[in-house]
There are 2 protein chains.
Amino acid sequence: MRVGREPVVQAGLKLLNTGGLEAVTLRAIAAELGVKAPTLYWRFKNKQDLVDDMATRVLVDWAEASHDGPATDTWQAWALGYGISLRNMLLRYRDGARMVSGSRLTDTRLYASMERALQRFQSHGIAPADAALCLTTVYSYVIGFTIEQQAVLSPQGERDPRYTLAERDALVDAERYPLSRSIGPEVFDNYDVRFERGLRLVVAGFETMLA
Amino acid sequence: MRVGREPVVQAGLKLLNTGGLEAVTLRAIAAELGVKAPTLYWRFKNKQDLVDDMATRVLVDWAEASHDGPATDTWQAWALGYGISLRNMLLRYRDGARMVSGSRLTDTRLYASMERALQRFQSHGIAPADAALCLTTVYSYVIGFTIEQQAVLSPQGERDPRYTLAERDALVDAERYPLSRSIGPEVFDNYDVRFERGLRLVVAGFETMLA
DNA sequence: TAGCGCCCCTAACACTGTTAGAGAGAACGC
DNA sequence: GCGTTCTCTCTAACAGTGTTAGGGGCGCTA
């Protein structure tokens, strides 16, 4: 029992951050632990099993850290924090959103966190079924938005050269598509404020739906 | 000039539908066209270049078919149709959402469609910057939601055995997590109505934000 | 001491995307 | 008509991937 599951997951996350999802290879993870690739099959059924664990670990960290932290008086503020902290956690890892979106989450600690979230909504008079709609909608939005962002921007803020604003301007004919061109920064930049605006959209929509 | 880009893209989409994203391999595509794999490099810089074209073609089909079709009197109805038709198009291909989310879109016909969308919003007195917020938020939501759905459900409606409701119930302790357990169908089923509810959330939120 | 189960190894298989380089055949300039 | 060049496809190969089969050392227990 020298090399358990946990060190393998940690090595995988380290590789994820340095080289992205393509760099997460069984041989590289094994090398990180001073071991050969087939050894990993002693702990994991296959690679997807390992990646599932990596994704789950990221979400468990999120759920146990920020998620339950500050008690807010309104469910709106709490829902906003839910989405914002989720995105922040995904952004801490390169390709974090892509990894989580393609993985299966198993750890029951996630259900504990979900349970507390539903309780919180219920204490504000919101039924679990409605709360679930709000949470899953926010979740989908965060995943979709963050995948898009991480395809363009690295965690250090450097931009994929194929996605620069100048590149886009060269492609979009200013005379035929003036409106599309004018919203360039609105589509390719200011991710933080754009994300929060969209998130507020969702929460506000849920609010009006309850009424 | 026997094998152009277009037949290659079509062969790729065919393989995508029969075997999912993992089945889209250069050798398989080439075989589909009665040709060997290296030939594809005459038309495409690399595999990602090819997949980008596949994703773009799916979105162009969507934009030119349903998107501009029926003239609706309210922008709300139009925005709903935007999201619904986008999801429907993604669902027509296995792993459609995953493929689109990871690809770069280049065809300028997409900008033409975007331009018409912005015009439509403008004719209702909505500034392009605001319209862009609405469109990108809906887009992110659709991508995130559909990725999640396609990870669980095949286009023919059959379910990945690891994601059955019974499997979930076995994992979620009914005594400790009663609320989480009660929303099982709300999280694992009824994708169509759940999607539309979430979409209405977003549109309603944009509506209240304008006021 | 004998056996057994845990852990890690080497070797190999069937794939993948990708490149180098050769050759068939049409198109072009002289 | 001839030679050259360009377009397209091929074979062969490389480095790398996930994964499996099977061997062997080490420590525990009977």
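A note on names: the letters A, B, ... follow the listed sequences, proteins ahead of strands, and every chain is numbered from 1.
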Answer yes or no: is there an ion pair linking [X] with [Y], defined by an N-O contact shorter than 4.0 Å?
| X | Y | answer |
| --- | --- | --- |
| Glu148(B) | Arg104(A) | no |
| Asp52(B) | Arg57(B) | no |
| Asp49(B) | Arg5(B) | yes |
| Arg162(B) | Glu167(B) | no |

How many whole angstroms separate atom [atom1] of [X] from atom [atom2] of [N]?
| X | N | atom1 | atom2 | answer |
| --- | --- | --- | --- | --- |
| Leu40(A) | dC8(C) | CG | C1' | 11 Å |
| Leu33(A) | dC8(C) | CG | C1' | 13 Å |
| Lys36(B) | dT16(C) | NZ | P | 13 Å |
| Ile29(A) | dT19(D) | CD1 | C1' | 14 Å |
| Arg43(A) | dC7(C) | CZ | C1' | 8 Å |
| Leu26(B) | dA14(C) | CG | P | 21 Å |
| Tyr41(B) | dT11(D) | OH | P | 17 Å |

Any residue in residues 12-22 of chain B with a heavy atom nearer than 4.0 angstrom to DNA chain D? Just list them by number, or reply none.
none
In residues 46-58 of chain A, which residues come under 4.0 Å of DNA chain D by heavy atom?
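Of all residues in residues 46-58 of chain A, the ones placing a heavy atom under 4.0 Å from DNA chain D are Asn46(A), Lys47(A).
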Could you check which of [options] has an atom nearest any side-chain atom of [X]?
| X | options | value |
| --- | --- | --- |
| Trp42(A) | dC6(C), dT11(D), dC9(C) | dC6(C) |
| Val35(A) | dT19(D), dG17(C), dC9(C) | dC9(C) |
| Thr25(B) | dG18(D), dT16(C), dC10(D) | dT16(C) |
| Ala37(A) | dG17(C), dT19(D), dT11(D) | dT19(D) |

Base of dG16(D), side chain of Arg27(A) - is there a donor-acceptor contact under 3.5 Å?
no
Under 4.5 Å between any side-chain heavy atoms of Leu153(A) and Glu158(A), yes or no?
no
Are Leu80(A) and Gln76(A) side-chain neighbours, meaning at least one heavy-atom pair lies under 4.5 Å?
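Leu80(A) vs Gln76(A): side chains apart.
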Determine the interplanar angle of the Trp75(A) and Phe121(A) rings, folded into 0 to 90°, and report it as parallel if under 30°, tilted if 30 to 60°, perpendicular if over 60°.
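It falls in the tilted class, 30° to 60°.
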Phosphate contact (dC10(D) OP1 or OP2) by Thr39(B) side-chain N/O below 4.0 Å:
yes
Please assess Tyr139(B) against Tyr82(B) for the test ring-ring contact (aromatic ring centres under 6.0 Å, His included), listing each intermediate value before the final yes or no.
CA-CA 9 Å; Tyr139(B) 184 84; Tyr82(B) 175 90; 7.7 Å; no
Go through the steps to decide whether Tyr141(A) and Tyr141(B) satisfy the test ring-ring contact (aromatic ring centres under 6.0 Å, His included), and finish with yes or no.
CA-CA 4 Å; Tyr141(A) 168 65; Tyr141(B) 168 65; 8.4 Å; no
